Amino acid sequence: MTFNRKHLLGIRELSADEINHLLDTAETFTDVSRREIKKVPALRGRTIINLFFEPSTRTRTSFEIAAKRLSADAINISVATSSVTKGETLLDTARNLEAMAPDCIVVRHSMAGAPHHLARMCDAPIVNAGDGSHEHPTQALLDALTIREYKGSIKGLNVAIIGDILHSRVARSNIYLLTKLGANVRVAGPGTLVPTEFADLVEHGLHVEKTIEAAIEGADVVMVLRVQRERQDAAFFPSMREYAIHYGLHPNHLERAAPEAIVMHPGPINRGIEISSEIADSSRSLILDQVGNGVAVRMAVLYLLAGGGRDDSDEGKERQQKNGKKNRKVSKA
Amino acid sequence: MKLLVANGYLIDPSQNLNAGKNLLIEDGRILGLMDRSEAAPEDAEVFDATGLMVAPGFIDLHVHLREPGQEYKETIATGAAAAVAGGWTSICAMPNTDPVNDNPAVTRFIIEQGQRAQLANVFPIGALTKGSGGKELAEMGEMKRAGIVAVSDDGRSVSTAAMMRRAMEYARGFDLTVVDHCQDSSLSAGGVMHEGRWSMILGLRGMPSAAEEVDAVRDCVLAKLTGARVHLAHLSTRGALEAVRRAREIGLPVTCEVSPHHWSLTDESVSEYDTNMKMNPPLRSADHVAALREGLRDGTVDVIATDHAPHHLDEKALEFDESPFGITGLETAVGLAFDLVHQGVINLERLVELCSTAPARIFRLGDRGTLRSNAVGDVTILDPQFEWTFDVTRTRSKSRNTPFDGRAFKGAAVATIVAGRVVYLHPEFAKITSSKQSELAAGR
C-alpha cells in the first residue's frame with residue numbers, strides 16, 4: 001500500500017487503507033525525535049513552504065520542525081508580513097511562490113476551500129494545515145496516532161468529542177477518520193454549537209448527544225475542543241462561566257467514562273474553561289503526546305507528498321500523472 | 001416595414017392560441033394572423049419559421065446589467081446582446097447599479113442606453129428606498145414618469161417590516177409592483193451557501209431556508225395589510241412557495257418567480273468550492289428543488305426569470321467566502337426551461353406563459369407578452385428539439401461566471417424579433433430550417 005495522492009486536502013476523501021498507511025509511516029518517524037541527531041536525509045534538497053494566513057504557533061512550528069528533521073529547507077510565510085497586506089490575492093501569492101519551485105506548500109487559511117483553490121491553480125503539492133471550519137487532516141492523523149499508541153487499535157472504541165462542533169475543523173476531520181476506522185463517535189456541546197443534523201455528516205458511527213454526560217458515558221477517549229471566545233459575542237452561548245460549568249470537562253465526568261479513558265485536546269487549551277486544570281495536568285491527558293506525534297505525522301505527510309515513498313509501478317505512475325495534472329494551458333515554446 | 005413570420009406554430013396562451021398560422025408584423029406592431037394558404041403581402045419580408053415554435057417575445061423580469069458604475073462586468077449593450085441570444089425580447093434591469101437607480105436621471109440613462117443598443121427592450125426597475133439603504137423612500141413617482149416598470153431593493157432585503165409596509169403603500173399609489181428579495185438578513189448573516197448537510201461537510205456558513213420563508217410570509221401578510229401588489233423574486237424554497245399558495249388561496253395579489261439554476265442544481269454542486277455555484281439565494285437541497293419543480297407544474301410559480309448576475313473573472317477567482325454571489329443566465333435559461341418540457345414537468349404553453357404572458361401581466365406591460373393585433377411585434381422563435389452545447393467562450397455577455405459551460409441542452413431560442421426587426425439569428429439557423437423543411441417534405 002502506498003499513498004498516491006498529490007495533495008492532502010482532507011480526511012473525508014481518504015480510504016481506511018490510505019489512513020493506515022499514513023499512520024504506519026508516521027510511526028516510523030516517531031523514533032527520529034528521540035535521537036540525539038534528530039535528522040534523516042529523506043527530503044534533503046527539497047523546499048517546503050509554510051503559507052499561513054491564520055496565526056498559529058504550534059502547527060506551523062510542528063511543520064517546520066518536521067521539514068527540518070527530514071533535512072528539507074523550510075520557509076515560513078505568515079500573512080501579516082506578506083504582500084497580502086498590499087492587496088495581493090491568495091492566488092497571486094501562491095503563484096509567485098510557486099515560481100520559486102517549492103516541493104510542497106503547506107497552507108493554513110481562515111476560509112474553507114482555500115487549499116482546494118490552490119490545488120486547482122498550482123503545480124506544487126498542497127497540504128491543508130486547516131481551512132476555516134472545514135478540515136485539519138494532520139490534526140486528525142496525529143490524534144489517531146496517539147489513540148493507537150495508548151489503545152492499540154481504533155476499531156470499536158467509543159470516542160466522545162465535546163465542545164464547539166459546528167465551527168470545528170478538528171471535529172470534522174476526526175469524525176471522518178475515526179468512523180472510517182470503525183470507532184463509535186458521540187458529539188455533544190451547547191445546542192447552538194451542535195446541531196442535531198450533524199449526525200448526517202457520515203453514514204454510520206456518529207451520534208449527536210444532548211448532554212456531554214451522555215457522550216462521555218463509557219467513552220474510551222474524550223476529546224475536548226477549544227471554546228472560541230468570539231462565538232460568545234455572536235450569541236452562541238451566554239458566558240464563559242456558563243460554558244465552564246455546564247460544558248467544561250471536570251474530573252467527575254471521567255468517572256462515567258470507561259476505565260483507563262484518555263483525554264485529548266488539539267490545543268491551545270483554555271485552562272479552567274473547556275477543560276479543568278486538574279484533568280489537563282493529570283496522567284490521563286495526552287495533550288503533550290499529541291504535540292509530539294504531530295511532528296511525526298507531519299514528517300510522514302511531507303515525506304509521502306514531497307518525494308520518496310512514491311509508487312514507481314505503472315499503475316502508480318499513471319495515478320500520479322492524473323493527480324498531478326498541470327493546470328496550465330500555455331506551455332513554453 | 002412588413003415582416004411575415006411564416007410556417008411556424010404559434011403558441012400564445014393569452015389568446016388560447018396553438019396553431020400553425022402565419023404572423024404579420026407591420027411597423028413594429030402585430031397586424032394579425034394569416035392562414036398559411038394566404039399569399040404574403042408583396043411588400044413583406046418573409047421570415048421562414050418552418051417547423052419552429054413562434055411565441056410572444058420572452059420577457060425577463062430580473063437581470064443585473066451593471067451599468068452605470070460596474071461596466072467592467074457588463075454593460076447595458078452587452079447584456080442586451082446576451083438577452084436576445086437567449087431568446088429574450090425584453091429585460092428588466094434591477095436598480096443595484098452605482099449610483100443606484102433611485103432617481104429619474106439614472107432611470108432615463110438606462111432607458112437611453114437600452115435604446116442605443118437596439119437589441120432587447122430594456123425596462124428599468126427603480127429602487128424602493130434611496131440608495132437601497134432601507135431608510136428613506138425613493139422617488140417612485142418621478143421614476144415612474146421616467147419609465148420604471150416596478151420597484152425593488154433587490155440585492156438587499158428590506159430590513160424592517162415597517163419599512164416594507166411603507167414602501168408597499170407608497171408604491172400602490174403609482175400602481176407599481178414591489179419586487180422583494182426574500183431574505184431575513186439576521187438569519188442568513190454571513191452565509192455563503194444553503195444551510196444543510198453540505199454546508200456542514202464543507203465547513204461553510206449556511207443560509208437556512210427559513211430566512212427566505214420568514215420574509216416570504218411577512219410579505220404576504222403585508223400584501224394583505226396594504227393591498228399592494230408584491231412579486232417575490234427568485235424563490236428557492238418549499239416554504240416560500242407554500243406561503244404563496246396560501247396567499248393565492250385567499251386572493252392576495254402575490255406573484256413569484258423562479259430562476260433556472262434553482263430547479264437544475266442542488267447544494268451538492270458546491271462540493272468542489274467552485275464559485276460558479278455561489279449565488280443568492282443559494283442552490284438548495286433536493287427537497288427544495290423538487291418543490292420548485294412542483295410549483296412550476298401546478299401554477300404556483302408565475303414566472304421564470306434569470307437573475308442574470310455577471311461578475312468579473314478576478315472576482316470569481318477569489319476564495320469561496322470572498323467571492324461575490326451570482327451567475328449569468330440569459331443565454332442558458334431557455335435551454336434549462338426546455339429541460340422541464342422534456343421531463344414532462346411543463347408543456348410548451350406553460351413555458352410561454354412563464355416566460356412571456358405572465359411577466360407582461362405582472363409588470364403591466366399591456367401590449368407585450370401576447371400576439372394579439374396591435375401588440376408590440378416582439379416575437380421569440382424556438383426549436384424545442386435543437387441539440388446544442390453551451391460554450392462560454394462564445395457568450396455575448398462580458399462575464400463568464402456560469403456553472404453551465406459545456407453543458408448539453410435540447411431546445412433553444414433560434415431567432416429573436418424585437419419590434420418587427422430580427423435582432424438575433426442563431427448561427428445555425430439556416431441549417432435548422434432546412435432540416436425542418438426536409439423533415440416536412442419526408443412527410444414526418
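Throughout, a chain's letter reflects where its sequence line sits, starting with A, and its residues are numbered from 1. Every value quoted in this text rests on a predicted model; they were computed, and no experiment measured them.
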*Is any side-chain heavy atom of A:H117 less than 4.5 Å from a side-chain heavy atom of B:Y273?*
no
Atom pair [atom1] ([X]) and [atom2] ([Y]), whose distance is rounded to the nearest 0.5 Å:
{"X": "B:L202", "Y": "A:R172", "atom1": "CG", "atom2": "CZ", "result": "9.0 Å"}
{"X": "A:H134", "Y": "B:L204", "atom1": "NE2", "atom2": "CG", "result": "8.0 Å"}
{"X": "B:R205", "Y": "A:M111", "atom1": "CZ", "atom2": "CE", "result": "11.5 Å"}
{"X": "A:L90", "Y": "B:E319", "atom1": "CG", "atom2": "CD", "result": "4.5 Å"}

*asked:* Between A:L201 and chain B, with a heavy-atom cut-off of 4.5 Å, which part of the residue counts as in contact: side chain, backbone, both or neither?
replied: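 Both backbone and side chain of A:L201 come within 4.5 Å of chain B.
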*Minimum heavy-atom separation for B:G203 to A:S133, with atom names?*
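So the minimum-distance heavy-atom pair works out to O-CB, 3.5 Å.
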*Check: B:F320 ring centroid to A:H116 ring centroid under 6.0 Å*: no
*If you draw a 6.0 Å radius around CD in B:E294, do more than 12 non-hydrogen atoms from other residues or ligands fall strictly inside?*
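Yes.
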_Whether over 12 other heavy atoms sit under 6.0 Å from B:Q343 CD_ = yes
*Do the side chain of A:R12 and the main chain of B:I201 share a donor and acceptor less than 3.5 angstrom apart?*
no
